[in-house]
Amino acid sequence: MGLVSAKEMLQTARNKNYAVGAFNINNLEWTKAILLAAQEMKSPVMLGVSEGAGKYMGGYATVVGMVKGLISDLNITVPVALHLDHGSYEHAIKCIEAGFTSVMFDGSSAEFAENLQLTKKVVELAHAKGVSVEAEVGGIGGEEDGVIGTGEIADPQECKQIADLGIDMLAAGIGNIHGKYPENWQGLDFDVLKEIQDVTGNLPLVLHGGSGIPTAMIKKSIELGVSKINVNTELQVVFTEATRKYFEAGEDLVGKGFDPRKVLKPGFDAVIEAVKEKIIEFGSANQA
Ligand code: 13P
């Protein structure tokens, strides 16, 4: 099936009560690992690209080329959506033009009227090209890509207004945080999530900050309409730890140990395992 918009895969997930993992990619190894894990688990998957990661990888055209190439060369047949994560208006347009199949326009830091107006424009431009759109209301706390957010619980009435623009998925702040959850974290606000679900009907909801949320809360979110869960930090941790252990183990670095393919192999394997675990937890295995 290859590269597709996220619309259908998320609507199916919503109807069948599971969530599709949206895993952030940072380099070739992660991308390949995520695609192979999804294929093995027979799961639809989304690849999230932050503006910073897009720049790091060389630019959006490089990302599109890499992902399309891997899908073809690795015979990936499960549905894959290539998605801009937390994009500005300008970058959402760039990604639509570069061949992404899904974009998030994150206008949550602007006044709501401006968020609404710009989301509407992104929906028009994206849908004209069959690209799906995620919008955000409220705010996700924590730090991502150098951007620090304090988090803000979404207003269900604003969620309804933005949902009515015809977006394909909605990220709403419900106490979720990017990165590690602090010891004194209050947990997710399921009362607000329920209100948001009541006013947005069958719209797939998105849970950002998917690393480190207890499984019971993940399951409850899915029951309340969450159909896409973003994961980045957990993959960063397992990748980096596995790479560090490789060096600490004192492999024969003078011999073949300097080979970058060997150096990155433990991290690559660790990402495959972490993604498979998430796919099982989110219930999307054997759905593609
Ligand atoms: P984590 O880094 O907490 O997994 O969150 C990822 C995310 O929400 C990307 O948008």
Side-chain angles (χ1 to χ4, degrees), residues 6 10 19-27 30-31 33-34 37 45-57 63 81-88 91-92 95 100 102-109 132-154 167-183 185-189 193 204-215 217-218 221-222 226-241 270-271 273-279 281-282 284:
L10 294 185
V20 175
F23 301 100
N24 284 74
I25 60 171
N26 283 282
N27 58 25
W30 285 35
T31 313
I34 295 164
V45 73
M46 292 180 70
L47 304 176
V49 181
S50 67
E51 290 184 8
K55 193 171 166 198
Y56 171 80
M57 287 184 272
V63 176
L82 178 58
H83 179 78
L84 172 67
D85 188 29
H86 292 286
S88 62
H91 281 256
C95 286
F100 276 51
S102 188
V103 290
M104 172 185 195
F105 165 62
D106 180 357
S108 63
S109 57
S132 51
V133 178
E134 174 177 347
E136 178 168 324
V137 175
I140 319 295
E143 191 253 327
E144 192 178 42
D145 244 353
V147 181
I148 309 224
T150 49
E152 184 195 341
I153 301 286
I167 58 169
D168 304 287
M169 62 205 111
L170 175 67
I174 53 164
N176 40 337
I177 294 173
H178 289 129
K180 275 198 161 29
Y181 283 86
E183 297 273 313
W185 181 49
Q186 305 289 309
L188 299 174
D189 191 330
L193 183 57
L205 302 176
V206 181
L207 185 63
H208 281 249
S211 297
I213 298 181
T215 302
M217 284 194 203
I218 293 280
S221 309
I222 294 172
V226 164
S227 325
K228 167 180 182 264
I229 303 180
N230 291 14
V231 179
N232 184 27
T233 301
E234 277 186 36
L235 301 190
Q236 292 185 332
V237 169
V238 297
F239 184 82
T240 310
E241 273 184 357
V271 171
E273 288 314 309
V275 170
K276 279 165 46 178
E277 275 175 32
K278 289 288 165 197
I279 286 174
E281 185 182 13
F282 299 166
S284 67

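All values reported here derive from a predicted model rather than from experimental measurement. Residue indices begin at 1 and follow the sequence shown. Atoms within each ligand, like the ligands themselves, are counted from 1 in listed order.
For ligand 1, none of its N or O atoms has an N or O atom of Glu234 under 3.5 Å away.
Trp185 contributes a side-chain N or O that, together with a main-chain N or O of Gly175, makes up a donor-acceptor pair within less than 3.5 Å. Under a 3.5 Å cut-off, the side chain of Glu234 and the backbone N or O of Gly212 do form a donor-acceptor pair.
Shown in contact with Val231 at under 4.0 Å from a heavy atom are these atoms of ligand 1, numbered in order with element: 4 (O). For ligand 1, the atoms lying closer than 4.0 Å to a non-hydrogen atom of Asn24 are 9 (C). Listed by number with element, the atoms of ligand 1 under 4.0 Å from a non-hydrogen atom of His208 are 8 (O), 10 (O). Near Gly179, meaning under 4.0 Å from any of its heavy atoms, are these atoms of ligand 1: 1 (P), 2 (O), 3 (O).
Considering His178, Glu51, His91 as possible partners of His86, the one that fulfils the side chain to side chain donor-acceptor pair (under 3.5 Å) test is His178.
Closest non-hydrogen pair, Ile140 versus Gly173, comes out as CD1-CA, 4.3 Å.
Taking only non-hydrogen atoms, the option from Lys180, Gln236, His178 nearest to atom 7 (C) of ligand 1 is His178.
At a 4.0 Å heavy-atom cut-off, ligand 1 touches His86 through the side chain alone. Both the backbone and the side chain of Thr233 come within contact range of ligand 1, each with a heavy atom under 4.0 Å.
Gly48 does not count as a contact of ligand 1, since none of its heavy atoms falls under 4.0 Å from the ligand.
Asp168 pairs by the salt bridge (Lys or Arg N to Asp or Glu O under 4.0 Å) definition with Lys7, not counting sequence neighbours. Listed by chain and residue number, Lys276 satisfy the salt bridge (Lys or Arg N to Asp or Glu O under 4.0 Å) test with Glu273 (two or more places apart in sequence, or in another chain).
A donor-acceptor pair shorter than 3.5 Å can be found between the side chains of His208 and Asn230.
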